[in-house]
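The structure under discussion appears below in the form of structure tokens.
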Amino acid sequence: MHESVPDFEMPTEEQVHLAAETFRLLADPTRVKVLWALLQGESSVACLADLAGAAPTAVSQHLAKLRLAGLVKGRREGTFVYYSAANDHVRGLLAQALFHADHLDRDIPAVHSAAKPHRPVAH
């Protein structure tokens, strides 16, 4: 059937595996909260822990995994590290996931303005 579809293309095996790994890393509520906060501005581990309702050590471990996956980046200033989203692709991934969640046929409260986080994190 797909042979009859003009310009039908499948992603490469590497693309499929990297995409699946990205989704695997995003399949954690704390990581989603941390990434969403970082899309609104640079932040420290302590601030992110407060925003995500998690222990700083747990948030630090999540950030390490997200950094290795290329989803976040860190900037050292003295003894502190400030994190930010790696690029706008992260915004698109998260915005689409939250948009999808808003439109599921379930009794889940909607996340308003999911596609455009804009306020800086104030910690």
Side-chain angles (χ1 to χ4, degrees):
M1 178 171 187
H2 62 276
E3 293 90 2
S4 64
V5 177
D7 300 322
F8 181 85
E9 245 182 76
M10 288 291 290
T12 67
E13 285 298 313
E14 182 180 15
Q15 288 172 319
V16 169
H17 287 288
L18 290 172
E21 179 66 12
T22 298
F23 286 128
R24 187 183 69 77
L25 284 168
L26 293 175
D28 180 277
T30 299
R31 290 185 193 148
V32 170
K33 289 177 187 177
V34 165
L35 277 173
W36 191 254
L38 292 176
L39 287 168
Q40 297 178 67
E42 191 175 63
S43 191
S44 68
V45 171
C47 178
L48 292 168
D50 184 50
L51 290 168
T57 53
V59 169
S60 185
Q61 290 173 356
H62 286 302
L63 285 165
K65 290 176 183 174
L66 293 169
R67 193 166 44 88
L68 284 172
L71 296 170
V72 302
K73 58 186 177 181
R75 177 184 63 82
R76 184 169 292 281
E77 190 173 295
T79 58
F80 291 96
V81 177
Y82 295 94
Y83 291 90
S84 60
N87 54 49
D88 281 340
H89 297 288
V90 175
R91 178 182 311 280
L93 278 170
L94 225 46
Q96 285 297 315
L98 292 169
F99 180 82
H100 177 71
D102 280 351
H103 293 84
L104 290 175
D105 191 15
R106 297 183 184 166
D107 293 328
I108 300 173
V111 176
H112 299 289
S113 302
K116 297 180 182 177
H118 61 285
R119 294 177 313 197
V121 176
H123 286 256

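Please read all numbers here as calculations on a predicted model, not as lab measurements. Both backbone and side-chain heavy atoms feed into the values below; hydrogens, waters and symmetry mates do not.
- For E77, the salt bridge (Lys or Arg N to Asp or Glu O under 4.0 Å) partners are R75, not counting sequence neighbours.
- Atom CG of L94 sits about 14.5 Å away from atom NE2 of H89, to the nearest 0.5 Å.
- The side chain to side chain contact (heavy atoms under 4.5 Å, CB included) test applied to A49 returns P56, V59, not counting sequence neighbours.
- Under a 4.5 Å side-chain heavy-atom cut-off, the cluster of Ile, Leu, Val, Met, Phe, Trp and Tyr residues that includes V5 is completed by F8, M10.
- Checked against side-chain hydrogen bond (donor to acceptor under 3.5 Å, both in side chains), R76 has no partners two or more places apart in sequence or in another chain.
- The list of salt bridge (charged side-chain N to carboxylate O under 4.0 Å, His left out) pairs with a residue in residues 51-73, not counting sequence neighbours, is empty.
- With rounding to the nearest 0.5 Å, the separation of CG in L71 from CG in N87 is 8.0 Å.
- In this structure T12 satisfies the side chain to side chain contact (heavy atoms under 4.5 Å, CB included) test together with E14, Q15, sequence neighbours excluded.
- The line from OH of Y83 to CG of L38 is 9.5 Å long, rounded to the nearest 0.5 Å.
- The CZ atom of F80 sits 7.5 Å away from atom OG of S44, with the distance rounded to the nearest 0.5 Å.
- Under the 4.5 Å side-chain criterion, counting only non-hydrogen atoms from C-beta, V81 is not in contact with V45.
- Between V90 and L35, the closest heavy-atom pair is CG1-CD2, 3.9 Å.
- Taking CG of D88 as the start and CG of L39 as the end, the distance is 8.5 Å to the nearest 0.5 Å.
- With hydrogens and angles disregarded, no donor-acceptor distance shorter than 3.5 Å links the side chain of D50 to the backbone of G53.
- No side-chain heavy atom of L51 sits under 4.5 Å from any side-chain heavy atom of W36.
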Under 3.5 Å, side-chain donor or acceptor atoms of residues 19-30 against the rest of the protein: list the pairs with distances, not counting sequence neighbours.
residue : atom : partner : partner atom : Å
E21     : OE1  : R24     : NE           : 3.0
E21     : OE1  : R24     : NH2          : 3.4
E21     : OE2  : R24     : NH2          : 2.6
T22     : OG1  : L18     : O            : 3.0
D28     : OD1  : T30     : N            : 2.9
D28     : OD1  : R31     : N            : 3.1

